[in-house]
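Excluded from the calculations below are hydrogen atoms, water molecules and symmetry mates; all remaining heavy atoms, backbone and side chain alike, are included. So that the names make sense, note that chain A is the first sequence line, chain B the second, and so on, each numbered from 1.
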Amino acid sequence: MLRFYLLDTSYEVLGKTPVVLIWAIKDDGTPILIKDDSFRPYFYALLEDNADAEEVAGRVKSLSRAASPIISVEVVSRKYYGKPVKALKITTQIPEYVRTYREEVKSLKGVKEVLEADIRFAMRYIIDKDLSPCTWYEVEAEGPFKDEKYRVEEVYRVSNPVYKPLPEKKFPPKLKILAFDTEVYNPAGAPRSDKDPVIIVSLMNSKGEIKLLTASEGPKGDLELLKEFKDYVLTYDPDIIVGYNTSGFDWPYLLERSKILGVKLDVGRVKNAPPRTSAYGHISVPGRLNVDLYDFAEELYEVKIKSLDEVADYLGVMKKSERTHVPWYEIYRYWDDPKKRETLLKYARDDVVSTMGLADKFLPFAMQLSSLTGLPLDQVGAASVGFRLEWYLIRAAYKSKELVPNRVERPYEPYKGAIVLEPIKGVHENVAVLDFSSMYPNLMIKYNIGPDTFVTGECSDDECHIIPGLGYKFRKEPPGFFKSVLQTLLTLRKKVKEEMKAYPPDSPEYRLLNERQKALKVLANASYGYMGWVGARWYFREGAEAVTALGRATIMQAIRIAKSLGLKVIYGDTDSLFVSYDKSKVEEFIRRIEKELGLEIKIDKVYRRVFFTEAKKRYVGLTEDGRIDIVGFEAVRGDWTDIAKEVQEEVAKIVLSTGGTRDAIEYVRNVIKELRSGKIPIEKLIIWKSITRRLEEYSVDAPHVAAARRLQKMGIKVDVGSKVGYVVVKGSGNISSRAYPYMMVKPSDVDVEYYVKHQILPAALRILSYFGVTEKQLEVAGKGMRTLMDFMKKK
DNA sequence: GCGGCGCTACTACCT
DNA sequence: ACAGGTAGTAGCGCCGCG
């Protein structure tokens with residue numbers, strides 16, 4: 001028996017035989033390749049209700065051509081949206097022929113639809129064999145053999161393709177991880193791959209060894225560097241390669257340079273198979289898991305600017321104060337200047353160390369997500385939340401013989417969402433925040449919501465749940481696809497959380513289980529959004545609509561109960577209620593929700609004080625341990641300047657902890673004074689905004705777009721999704737005409753009055769005006785000065 | 001020619 | 001490229017204005 005930890009699967013076609021390649025690691029850490037040539041690709045034809053299955057099967061068979069044969073056509077029983085159906089399972093010789101025949105089969109008489117013809121062969125294999133990446137198995141296999149085609153010492157052949165999971169083995173084997181980062185010469189702003197060499201590749205492996213490869217002088221100075229990089233990868237032979245934004249930058253650039261310089265960047269475990277772009281835009285390196293950690297950083301919504309140094313700082317991997325900084329637009333200068341080159345090398349080193357640190361933080365979660373969804377580790381980060389859940393659903397469908405619906409293009413259909421209560425403005429003392437636990441998933445379970453439980457005809461309220469306000473009906477029994485899946489996810493999570501209690505929080509077991517329960521939660525919480533996503537295979541608008549309607553009814557009922565108990569309801573949003581904290585009444589409230597609604601509600605936190613303006617989704621709370629929670633306000637938004645955010649946070653702190661405004665007014669005036677005297681560094685005056693479309697697609701000349709155009713003029717590419725940092729400078733005209741990329745702005749050019757009037761004052765007054773503080777009280781000398789200056793400019 | 005107004009575009013947030 | 005609900009800024013076109 002061969003025991004192995006599954007990394008990934010791929011396939012090759014030898015002659016006319018597809019061979020599944022299972023990339024894996026043995027207990028002792030040896031990378032191996034296991035081959036299985038017994039599996040064949042297939043797809044389904046769903047039959048019309050009145051069709052004669054055998055007859056249609058005959059017609060399908062007669063499509064088969066000798067050069068690209070259909071191997072078999074079987075009549076099988078499956079389910080489709082919960083209903084038993086007859087289908088044809090059509091097996092072809094090689095994966096390509098699935099594509100060859102699917103259209104032809106679809107147009108045959110008696111065939112309603114062709115299904116599962118778009119599931120990639122390597123994925124098909126792991127689903128059908130009930131395999132999961134990042135999981136241990138045992139299989140009967142022959143070997144080891146040597147095979148020069150692959151860069152592994154041991155190649156096996158599966159003799160009986162039945163995989164036995166080894167659930168007692170929870171931890172991965174010793175995996176060899178390689179972190180890398182590249183620096184590129186960029187005298188023209190954005191590097192041009194036809195001219196600008198890669199100048200540094202920094203490497204770090206899981207033994208802690210660090211290596212810096214550098215280019216020699218000249219425009220082709222990276223020729224040797226690329227070879228050294230390739231040699232390093234082949235010698236170290238990593239199982240996992242990690243980097244930061246490598247799908248978006250490093251790999252594409254390295255590959256372009258190698259093409260230009262004629263170096264084969266053949267770094268995978270299959271010889272002559274260079275990295276290439278694959279599913280969800282990730283770069284696939286055969287036999288290794290190439291993971292772009294930026295994908296996981298993107299999910300840290302607390303971090304507004306997702307540069308490597310910011311993310312590493314946030315996660316405690318490397319503090320910004322302890323690392324070397326080089327502005328990206330000056331990399332070429334640091335390279336060219338012999339005195340500064342050392343700094344650039346340190347910077348490259350810090351980058352690769354940070355990257356490896358990020359891998360420590362992200363990979364345990366990624367591995368759990370990979371093993372749950374079945375998506376290999378290198379794809380699971382690149383796949384969006386919707387696709388991650390979808391793969392989980394596809395696996396669940398296979399296990400219950402459900403056919404997977406096709407992805408179809410649909411028009412967007414909006415529907416009503418959640419309720420947000422009007423807050424009672426002002427300061428409230430002693431407030432409990434109560435949250436329904438996983439409200440939407442639990443409503444989906446409670447009301448058996450899903451596309452397969454929806455009843456269009458008559459159905460009594462005995463047999464069906466009838467959705468208030470919509471009249472949609474969902475049969476109570478049997479449990480639908482979504483209900484079953486969600487129950488599995490939630491009970492699994494409960495079990496994992498239970499199991500965690502047996503370990504100390506700093507143990508590896510605890511950490512692993514914690515990552516697993518987080519992954520389970522992510523999947524469960526995505527189910528409602530998935531159902532309402534037009535791109536989903538199991539899209540079902542009425543279901544999503546029903547869930548939000550039930551959510552609204554639920555929270556309204558909860559409000560009634562709270563009020564009947566004498567609890568004052570201060571605010572609420574979707575699944576949360578802010579109520580006056582009377583301990584025994586709140587306890588009673590929780591019990592009654594459980595009893596009357598069959599749902600769990602919990603105290604999430606208690607605020608000693610909480611402050612609302614008239615706005616929804618914005619509040620400041622003083623927690624029991626004396627911290628300030630700021631929600632929704634400018635202070636937590638990435639598109640306000642640091643100085644304005646600082647001011648607002650400080651004002652909130654002062655007002656909420658002292659109850660008075662005097663110190664806050666004094667403080668704001670001081671900051672304005674400092675700003676006017678030029679004591680605030682420019683970094684705190686940068687406004688960061690995302691670019692969400694190509695620049696020519698904008699219909700309004702907004703400041704961040706104007707700044708982005710200026711960047712582009714400097715030769716710097718501004719891609720969709722990137723952030724532009726701009727500063728407003730003095731002059732006439734609207735803000736757009738004065739919004740410049742921060743690196744172009746001298747401190748003396750800054751339009752200080754803009755920052756007073758449009759950043760500091762609004763941020764401070766957002767809180768202070770409730771307490772009767774006016775702009776006049778914060779402003780001392782601004783107005784007159786500005787009018788005078790404007791006056792002089794016009795002359 | 002210009003300020004005020006209302007609308008739209010846009011971004012980022014909350015649950 | 002999981003959902004809808006919400007706040008807020010700045011641009012832009014239009015109007016009135018002897």
Side-chain angles (χ1 to χ4, degrees), chain A residues 279-281 298-299 301-302 304 382-390 392-393 407 409 412-423 433 435-436 438-441 444 522-541 543-549 551-552 555 571-578 604 613-619 629-641 644 687-693 697-706 708 720-721 723-724 728 733-739 754 757-759 762-763 765-766 794:
Chain A
Y280 311 112
E298 272 195 308
E299 289 163 33
Y301 76 99
E302 307 93 310
K304 312 293 173 183
S384 68
V385 175
F387 287 112
R388 291 175 190 171
L389 177 62
E390 191 155 84
Y392 183 87
L393 294 174
R407 192 179 305 288
E409 254 189 73
Y412 168 66
E413 305 168 277
Y415 61 90
K416 248 178 107 179
I419 290 185
V420 188
L421 302 185
E422 206 77 54
V433 182
D435 276 341
F436 280 96
S438 303
M439 185 199 244
Y440 285 176
M444 287 171 75
V522 165
L523 292 177
N525 285 348
S527 55
Y528 148 74
Y530 175 84
M531 198 163 55
W533 171 38
V534 288
R537 290 175 185 266
W538 277 278
Y539 171 69
F540 186 51
R541 195 210 74 234
E545 208 178 355
V547 172
T548 57
R552 293 192 297 271
I555 198 149
Y571 176 64
D573 183 349
T574 312
D575 61 350
S576 72
L577 281 180
F578 290 52
D604 178 44
T613 64
E614 56 288 316
K616 296 171 174 182
K617 297 190 184 279
R618 298 186 148 203
Y619 53 89
D629 260 357
I630 302 186
V631 178
F633 282 111
E634 286 77 2
V636 296
R637 292 181 61 100
D639 58 350
W640 280 70
T641 58
I687 297 164
W688 291 95
K689 269 199 163 71
S690 301
I691 295 300
T692 60
R693 57 203 78 181
E697 283 167 343
Y698 279 97
S699 53
V700 180
D701 191 33
H704 69 293
V705 181
V720 173
K723 285 218 172 182
V724 172
V728 178
N734 62 13
I735 297 163
S736 294
S737 67
R738 298 185 283 122
Y754 168 83
K757 195 162 179 244
H758 293 267
Q759 288 282 328
L765 285 169
R766 193 86 58 216
K794 271 171 216 158

Revision key, fill the gap. Atom OH of A:Tyr301 and atom P of C:dC2 are separated, to the nearest Å, by 18 Å

Exercise for review: Counting heavy atoms from C-beta on, name the nucleotide in B:dT15, C:dG11, B:dT11 closest to the side chain of A:Asp573.
Suggested key: B:dT15

Study note, to complete from the structure: Taken to the nearest whole Å, CD1/A:Ile687 to P/B:dC10 is 18 Å

Check your understanding: Does the side chain of A:Tyr412 get closer than 4.0 angstrom to OP1 or OP2 of C:dG4 through an N or O atom?
Key -> yes

Check your understanding: Tell me: CZ of A:Arg637 to P of C:dT6, nearest whole Å?
Key -> 16 Å

**Study point:** ring-ring contact (aromatic ring centres under 6.0 Å, His included) against A:Phe633, all qualifying residues, sequence neighbours excluded
**Key:** none

Check your understanding: Minimum heavy-atom separation for A:Tyr528 to A:Thr548, with atom names?
Key -> OH-CG2, 3.2 Å

Check your understanding: How close or far is atom P of C:dA3 from atom CG of A:Leu523, stated in whole angstroms?
Key -> 16 Å

Check your understanding: With respect to the side chain of A:Ser576, which nucleotide from B:dA12, B:dC14, B:dT15 is positioned closest?
Key -> B:dT15

Study note, to complete from the structure: NE2 of A:His704 to OH of A:Tyr698, rounded to nearest 0.5 Å, is 4.0 Å

**Study point:** Nucleotide nearest A:Val631 (side chain, heavy atoms from C-beta), chosen from B:dC14, C:dT9, B:dA12
**Key:** B:dC14

**Study point:** Taking every non-hydrogen atom, the tightest pair across A:Ser736 and A:Ala706
**Key:** O-CB, 3.3 Å

Review point. Hey, does A:Gly632 reach any base, or is it just sugar-phosphate, or nothing, if we go heavy atoms under 4.0 Å?
Key: sugar-phosphate

Exercise for review: Output the distance between atom CG (A:Asp573) and atom CZ (A:Phe578), rounded to the nearest 0.5 Å.
Suggested key: 8.0 Å

Exercise for review: Mark yes or no for whether A:Ser690, through its side chain, and A:Thr692, through its backbone, hold a donor-acceptor pair below 3.5 Å.
Suggested key: no

Review point. Does A:Arg541 have a side-chain nitrogen or oxygen under 4.0 Å from the phosphate oxygens OP1 or OP2 of C:dC2?
Key: no

Check your understanding: What orientation do A:Tyr530 and A:Trp538 show, parallel under 30°, tilted 30 to 60°, or perpendicular over 60°?
Key -> tilted

Study note, to complete from the structure: The ring-ring contact (aromatic ring centres under 6.0 Å, His included) partners of A:Phe540 (sequence neighbours excluded) come to A:Phe454

**Study point:** Whichever of A:Asp701 and A:Trp533 has its nearest DNA chain C nucleotide further upstream toward 5'
**Key:** A:Trp533

Review point. Is any side-chain nitrogen or oxygen of A:Ser690 closer than 4.0 Å to OP1 or OP2 of B:dA12?
Key: yes

Review point. If you look at every strand shown and take non-hydrogen atoms under 4.0 Å, does A:Tyr539 touch a base, only sugar-phosphate, or nothing?
Key: nothing

Review point. Under 4.0 Å between a side-chain N or O of A:His758 and OP1 or OP2 of C:dA10?
Key: yes

Exercise for review: Would you mind reading off the distance between A:Met444 atom CE and C:dA3 atom P, rounded to a whole angstrom?
Suggested key: 14 Å

Review point. Looking at the side chain of A:Trp640, which of C:dG8, C:dG5, C:dA10 is the nearest nucleotide?
Key: C:dG8

Review point. For the atom pair NZ (A:Lys689) and CZ (A:Arg637), what is the distance rounded to the nearest 0.5 Å?
Key: 7.5 Å

Review point. How would you list, by chain and number, every residue that makes a ring-ring contact (aromatic ring centres under 6.0 Å, His included) with A:Trp640, sequence neighbours excluded?
Key: none

Review point. Nearest 0.5 Å, what's the CZ-CG distance between A:Arg537 and A:Leu389?
Key: 12.5 Å

Study note, to complete from the structure: Rounding to 0.5 Å, atoms CZ (A:Phe436) and OG1 (A:Thr574) come to a distance of 11.5 Å

Review point. So what's the dot-bracket for DNA chain B: Watson-Crick or G-U pairs under 3.5 Å, [ ] if a pair crosses, | if it pairs off-strand?
Key: |||||||||||||||

Practice item. Report the nucleotide, chosen from C:dA3, B:dC10, B:dT15, that has the shortest atom-to-atom distance to any side-chain atom of A:Tyr415. Key: C:dA3

**Study point:** Among B:dT15, B:dT11, C:dG4, the nucleotide that comes nearest once only the side chain of A:Tyr619 is considered
**Key:** B:dT15

Practice item. When you get a sec, tell me which of C:dC2, B:dT11, C:dT6 is the closest nucleotide to the side chain of A:Lys616? Key: C:dT6

Exercise for review: For A:Val636, answer base if it contacts any base atom (sugar-phosphate contacts may also be present), sugar-phosphate if it contacts only those atoms, and nothing otherwise; contact means non-hydrogen atoms under 4.0 Å.
Suggested key: sugar-phosphate

Practice item. Choose from C:dG5, C:dA10, C:dG8 the nucleotide whose nearest atom is closest to any side-chain atom of A:Ser736. Key: C:dA10

Check your understanding: With a 4.0 Å cut-off on heavy atoms, is A:Ala418 in touch with a base, just the backbone sugar-phosphate, or nothing at all?
Key -> sugar-phosphate

**Study point:** Of the listed nucleotides B:dT11, C:dA7, C:dA3, the one nearest the side chain of A:Arg618
**Key:** C:dA7

Review point. Between A:Thr692 and B:dT11, does any side-chain N or O lie under 4.0 Å from OP1 or OP2?
Key: yes

Practice item. Compare every heavy atom of A:Val420 with every heavy atom of A:Lys616, then report the nearest pair and how far apart it is. Key: NZ-O, 3.3 Å

Point to revise | Value in whole Å for how far the P atom of B:dT15 lies from CE of A:Met439 | key: 13 Å

Practice item. Using a heavy-atom cut-off of under 4.0 Å over every strand shown, decide if A:Gly529 touches base, sugar-phosphate, or nothing. Key: base

Point to revise | A:Asp639 CG - C:dT6 C1' separation (whole Å) | key: 14 Å

Check your understanding: OP1 or OP2 of C:dA3 sitting under 4.0 Å from any side-chain N/O of A:Lys416?
Key -> no

Give every pair of a protein N or O atom and an N or O atom of nucleotides 14-16 of chain C that lie under 3.5 Å apart, one pair per line with the distance.
none

Practice item. State, to 0.1 Å, how close A:Val631 and A:Val636 come at their nearest heavy-atom pair, and which atoms those are. Key: C-CG2, 4.3 Å

Review point. Roughly, in whole Å, what's the span from CG in A:Leu421 to P in C:dG5?
Key: 14 Å

Which atom pairs link the protein and nucleotides 6-9 of chain B when you take only N or O atoms and keep those under 3.5 Å?
{"from": "B:dA9", "atom 1": "O3'", "to": "A:Ser699", "atom 2": "OG", "distance (Å)": "3.0"}

